[in-house]
Amino acid sequence: MASLPPKHRLESSASEASSAGHDEHHYRPGGLMRWVLTTNHKEIGTLYLIFSLTMFLIGGVFALVVRAELFQPGLQLVQPEFFNQMTTMHGLIMVFGAVMPAFVGLANWMVPLQIGAPDMALPRLNNFSFWLLPIAFTLMLSTLFMPGGAPNFGWTFYAPLSTTYAPPSTTFFILSLHIAGISSILGAINIIATILNLRAPGMRLMDMTLFVWTWLITAFLLIAVMPVLAGVVTMMLMDINFGTSFFNAGGGGDPVLFQHLFWFFGHPEVYIMILPAFGIVSVIIPTFARKRLFGYASMVYATASIAILSFLVWAHHMFVVGLPLVAELFFMYSTMLIAVPTGVKVFNWITTLFRGSISFEPAMLFAIAFVVLFTIGGFSGLMLAISPADFQYHDTYFVVAHFHYVLVPGAVFSIMAGVYYWLPKWTGHYPHLRLSQWHFWLSMIGVNLTFFPMHFSGLAGMPRRIPDYSLQFADFNMLSSIGAFMFGFSQLLFVVIVIMCVRGGKKAPAKAWDGAEDLEWTVPSPAPLHTFEHPPQYRPVEH
Amino acid sequence: MTDVVEDRSPQVRRTVVKTLVVLAGMFGFAFALVPLYDVFCQVTGLNGKTSTSAQTLVHEEVDTERTVTMQFVTRGSAGLPWKLEAHSRQVRVHPGQSTEVYFTFRNLGDQALVARAVPSVTPSPASLHLRKLACFCFDNQRLAPGESFEAPLVFQLTRDLPEEIKTVTLVYTLYPQDQGPDVAVATVADGAPGSDKGRRPASGEDPGGEA
Amino acid sequence: MRMRHVWMTAGTLFAGLGGHLQASDWNMPVGVTDVSREVYSLHMTIFWICVIIGVVVFGAMFYSLFRYRHSQGAKAAKFHEHTTVEVIWTALPLLILVGMAVPATATLKKMYDASDADLDVMVTGQQWRWHYSYLGEDVDFTSNLATPREQISGESEKGENYLLEVDEPLVLPVGKKVRLLLTADDVIHSWWVPELAVKQDAVPGFVNENWVRINEPGIYRGQCAELCGKDHGFMPVVVEAVEQEQFDTWLAERKAAAAQEAQGVDREWTMDELMERGEQVYGSICASCHQADGSGLPPAFPALAGNQALLDEPERHLDTVVNGVSGTAMPAFRTTLNPVEIAAVITYERNAWGNETGEVTQPADIADMLSE
Amino acid sequence: MWKTIKSVLAAFFGVQRESRRQEDFTTGKASSFIVVGILMGVLFVVILIVIATLAAG
């Protein structure tokens with residue numbers, strides 16, 4: 001392997017006799033109750049990841065219902081009202097049930113390992129915040145069986161369609177969002193408390209890996225915007241059940257206020273779903289390029305810069321709602337500026353590759369695909385920022401293509417990259433190489449076949465969220481549907497690979513990848529239940 | 001967990017308390033955004049809402065050089081068998097001049113109902129320069145079955161109305177309101193013109209709308 | 001057959017886009033207004049800028065991936081920062097963005113200047129149709145989807161303008177500045193015609209304005225662009241642009257037709273006449289929610305066939321149709337349907353699908369009620 | 001003070017020399033960075049509003 005300077009050195013602190021309280025802590029119930037009551041960050045991380053994968057598959061089934069209906073023009077399989085429920089549930093489940101919990105799961109597993117902490121700072125809270133999620137999403141999915149059906153107003157639930165004109169199940173939807181929101185907030189508090197207080201002695205903030213950094217910033221974003229979401233849905237609840245008029249023009253309210261509030265939460269939310277992805281890719285690329293991350297400091301600053309800008313751009317989701325000219329210009333300029341720090345990140349990843357020593361393990365394949373396809377999503381994002389052009393793009397499949405490019409080959413690919421990267425650490429086995437490669441290429445082709453044609457159908461004039469379309473969009477929709485089924489079914493392969501990897505496979509050493517330099521690779525593979533019980537002494541690289 | 005976590009628990013507690021404070025602050029902030037949005041709209045004319053209470057006349061010289069077309073559009077809404085009509089569809093006014101126009105409310109249904117005419121102005125920046133000295137839109141209206149009445153709107157477009165605005169459209173949409181005790185205007189006793197903020201039974205004549 | 005279609009589609013795409021497809025099938029239309037042309041050129045400019053940046057960035061990336069393969073014995077270099085390079089690649093995008101913002105600002109300012117219009121049209125969105133009212137002309141009408149239900153359900157061949165055709169298009173004169181005032185009755189809708197580069201939300205209780213000056217006569221089709229409930233996908237916009245003289249003729253004809261329809265109010269209508277007219281009105285207005293067979297989609301859209309409340313309370317039935325129901329998708333048809341249509345549809349609903357009340361509602365009674 | 005402003009500016013721009021960063025993280029005070037950061041953030045918004053207003057005018 002390429003000879004690298006040791007990035008840091010660990011000195012095990014002198015072993016100490018374990019105290020009585022220590023022993024007590026190690027008492028564990030067996031069987032199912034072990035998982036229900038666990039306070040161990042690794043087990044909770046696993047629970048989060050399993051939950052997320054389940055939601056990913058359920059949300060995926062909803063997406064396939066949508067794509068099946070859109071395979072051909074005309075109504076064949078479902079009626080419009082059910083179609084709307086499917087698009088809505090797909091969005092809600094994927095955003096709040098799949099992507100966010102997956103990142104929290106990865107954080108649970110990897111943040112303590114990467115900063116040399118024995119566990120999360122608040123282990124019991126950690127257990128609680130996980131178990132809120134199944135409750136929230138059982139409630140949300142149960143709305144499908146309620147009279148009047150599930151929420152059908154899109155994952156952005158614009159008032160008054162989601163208040164005055166909403167199905168009766170909306171109250172349960174609001175409750176489930178509240179619960180999921182509390183779970184996210186508690187998770188974020190835990191992560192902040194862990195990162196700020198439990199770093200190994202000698203590890204300063206600027207010594208942390210990019211994954212930990214991006215999660216720290218993400219957690220602050222969560223703390224800042226999840227309460228706003230809670231506020232918005234509370235106002236909806238009051239409009240629906242208590243006769244207030246926050247969003248009802250007839251009572252002196254304003255439906256557009258809903259959109260301002262929603263996107264004040266919603267835009268930072270978008271970055272909540274992509275910043276940890278930046279972090280994962282920023283630890284994977286250096287590993288498989290066997291070269292230090294280029295511009296570490298700039299990466300941290302760019303992350304912070306994106307997070308701050310995310311609070312100043314929300315109204316670019318509302319360019320056609322009738323904003324005054326000055327507001328339109330302000331949000332156009334601020335949105336365009338986001339391209340700068342985002343560009344810095346992409347350039348840094350590529351320069352990290354430049355003159356490296358690159359190998360293409362499955363994790364690296366997903367990370368490379370992330371960089372390319374996320375950048376394509378970034379380009380369409382830049383086009384969408386140009387307000388006059390957005391008058392044509394807005395609410396068309398061009399937008400659908402854009403945000404799926406940043407969320408599927410963006411966020412989802414980064415999660416898969418992270419799973420392939422850390423599976424040896426979690427299970428002690430390497431994932432099956434051939435099958436992983438198959439999974440990558442099928443996903444890669446499927447995802448592009450699904451979402452690339454959407455750029456064209458959108459530009460040609462196909463609005464989003466329609467169950468049926470005019471004939472000129474037929475060809476592109478057929479391609480998208482074929483791609484969607486290809487992508488969807490290849491994820492079953494992913495499930496198989498993960499199960500196989502848990503049960504066996506090629507044994508992995510503590511340092512599973514020869515370019516991997518972070519702290520987690522110093523503990524054995526699979527990582528024992530308790531790691532870093534005595535804090536390692538961290539020695540930073542000399543800069 | 002181990003000594004480490006326990007050792008650092010005061011620090012952890014401090015971090016948690018700080019984040020909880022931020023959290024509570026942000027939840028409050030979300031609700032504070034509602035009045036803030038209203039204030040912001042009033043300052044910038046963001047959403048074309050007009051003032052919800054009577055404003056005073058700004059005494060300024062009438063700008064006879066400029067003429068602005070003031071259009072009135074009235075709309076009903078579902079569940080309300082009422083009709084609102086502007087006596088004149090549009091008037092030409094000079095900035096600075098105060099003008100009175102009349103509207104007729106009519107309840108075509110067989111039930112006494114309460115409703116309010118909710119205004120919206122376009123282009124929205126014009127709402128900053130439209131001063132309503134008297135308007136039926138400040139209060140809820142109650143109408144007995146078959147009743148009708150005329151109500152005036154007295155307004156002024158201030159002289160600092162931007163040059164490029166030559167047409168201002170004022171749209172009133174009738175919305176049914178809860179029949180609560182907060183109804184400001186009771187049904188007018190017949191034949192009391194001028195009472196009750198200028199409400200009077202409909203006469204059919206149109207003294208206000210000189211086109 | 002289906003498979004062949006798939007292969008043909010794939011073939012068309014991969015044999016080079018634009019071979020069989022027209023540009024308008026996969027790119028933004030240039031459109032028929034000055035503004036739409038500017039928007040198109042902005043779109044293409046930013047697109048090509050992205051393509052150039054993409055080629056450079058991905059070029060560098062794939063070069064690195066290929067050139068520095070571990071399997072080829074590449075040894076990793078040690079550098080990990082370079083301030084000058086970083087400053088350059090931060091500053092350069094900034095300059096490109098400023099270059100992009102300048103023309104975008106100019107176009108945006110044009111789009112926002114709706115002053116000095118020759119004609120004002122009020123556009124009202126309603127679940128799920130558009131209502132147009134020519135301000136000051138006493139002409140207003142509702143524009144409904146004209147595609148037959150059988151085409152949607154696949155029982156008959158889909159027409160050329162499937163889902164993009166309406167019973168009455170918005171007719172506008174070419175070369176004239178038309179100001180559009182947009183609002184909605186129930187939820188937020190969005191009025192969009194790609195070839196005019198106009199997309200504007202119609203917000204209930206608020207009025208937005210936009211404008212259009214069409215350069216070429218023709219028929220331009222669009223759709224509602226904001227999710228507005230069940231039939232969001234079945235709410236097309238069709239604009240027919242004609243020369244000024246033709247427009248004047250059309251306007252005069254509209255007014256005459258309205259007068260003629262008003263005359264029909266006074267005469268006595270027979271049951272058969274009302275049923276025939278009622279079926280037509282029901283089909284274009286009511287069937288999307290209450291279904292062609294009156295079975296509805298409970299609980300949101302109640303059934304009308306065998307509906308005991310409807311059969312027992314003719315007054316309430318009438319009131320519901322005329323004034324709508326607050327807070328539901330049932331709009332007030334007082335302004336969108338004329339007395340003949342209201343009388344016909346009520347008669348139809350009270351006598352179709354086994355609702356055999358035998359009751360006839362006369363247009364004259366409706367007219368009396370409306371002008372009360 | 002000027003040094004703090006320069007560092008915050010560098011953070012806004014997203015590019016910083018490793019040595020300067022080291023210096024900031026060893027000798028700088030967190031509170032002063034936060035205060036300057038917030039002020040410059042507000043300044044940034046104000047500048048953007050002014051630019052938008054001028055462009056619209």
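Only heavy atoms go into these numbers, but all of them, side chains included; no hydrogens, no water, no symmetry mates. In what follows, every chain begins at residue 1, and chains take the letters A, B, ... in the order their sequences are listed.
Counting heavy atoms from C-beta outward, C:W26 and A:S457 have side chains that stay 4.5 Å or more apart. Between C:Y162 and A:P73, some side-chain heavy-atom pair lies under the 4.5 Å cut-off. Counting only heavy atoms from C-beta outward, the side chains of A:L382 and C:I49 never approach each other to under 4.5 Å. For the pair C:F58/A:V372, a side-chain contact is recorded, criterion being any heavy-atom separation below 4.5 Å from C-beta on. A 4.5 Å side-chain heavy-atom check between A:F391 and C:L108 finds at least one atom pair inside the cut-off. In this structure, the side chains of A:L471 and C:E160 stay at 4.5 Å or more apart for every pair of heavy atoms.
A pairwise comparison of heavy atoms in C:V203 and A:P255 identifies CG1-CG, 3.7 Å as the closest pair. Pairing each heavy atom of A:P80 with each of C:F234, the nearest pair is CG-CE1, 3.9 Å. Nearest heavy-atom pair across A:P388 and C:T107 is CB-CG2, 4.0 Å. The two residues A:M383 and C:C50 have their closest heavy-atom pair at CG-SG, 4.3 Å. Closest approach of A:G154 to C:L227, counting heavy atoms only: N-CD2, 3.6 Å. Between A:F360 and C:L65, the shortest heavy-atom contact is CZ-O, 3.6 Å.
Interface remark: C:D201 contributes backbone and side-chain atoms alike to the contact with chain A (heavy atom separation under 4.5 Å). C:I188 touches chain A through backbone and side chain together, each having a heavy atom under 4.5 Å away. For C:N161, no part lies under 4.5 angstrom from a heavy atom of chain A. Of the atoms belonging to C:M28, heavy atoms from both backbone and side chain fall under 4.5 Å from chain A.
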Check against side-chain contact (heavy atoms from CB on, under 4.5 Å), C:D186 and A:T164: CA-CA 9 Å; C:D186 31 47; A:T164 318; over 6 Å; no
Derivation of the side chain to side chain donor-acceptor pair (under 3.5 Å) call for C:Q127 and A:Y165: CA-CA 11 Å; C:Q127 284 179 326; A:Y165 296 85; 5.9 Å; no
Intermediate values then yes/no, side-chain contact (heavy atoms from CB on, under 4.5 Å), C:Q223 and A:Y469: CA-CA 10 Å; C:Q223 276 176 277; A:Y469 47 84; over 6 Å; no
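A donor-acceptor contact closer than 3.5 angstrom is absent between the side chains of A:Y158 and C:E226.
In this structure, the side chain of C:K199 does not engage the main chain of A:V320 through any donor-acceptor pair within 3.5 Å.
Judged by a 6.0 Å distance limit and a 45° cone about the ring axis, A:K291 is positioned over the six-membered ring of C:F79.
For the set A:A289, A:P467, A:S470, the entry with the most heavy-atom pairs within less than 4.5 Å of chain C is A:S470. Heavy-atom pairs under 4.5 Å with chain A were tallied for C:G154, C:P93, C:P204, C:G205; the largest tally goes to C:P204. Ranked by heavy-atom pairs shorter than 4.5 Å toward chain C, the options A:I386, A:L293, A:L325, A:T156 are led by A:L325.
If you look at A:Y393 and C:H43, their ring centroids are closer than 6.0 Å.
Classification of the C:W89-A:F347 ring pair by plane angle, with boundaries at 30° and 60°, yields tilted.
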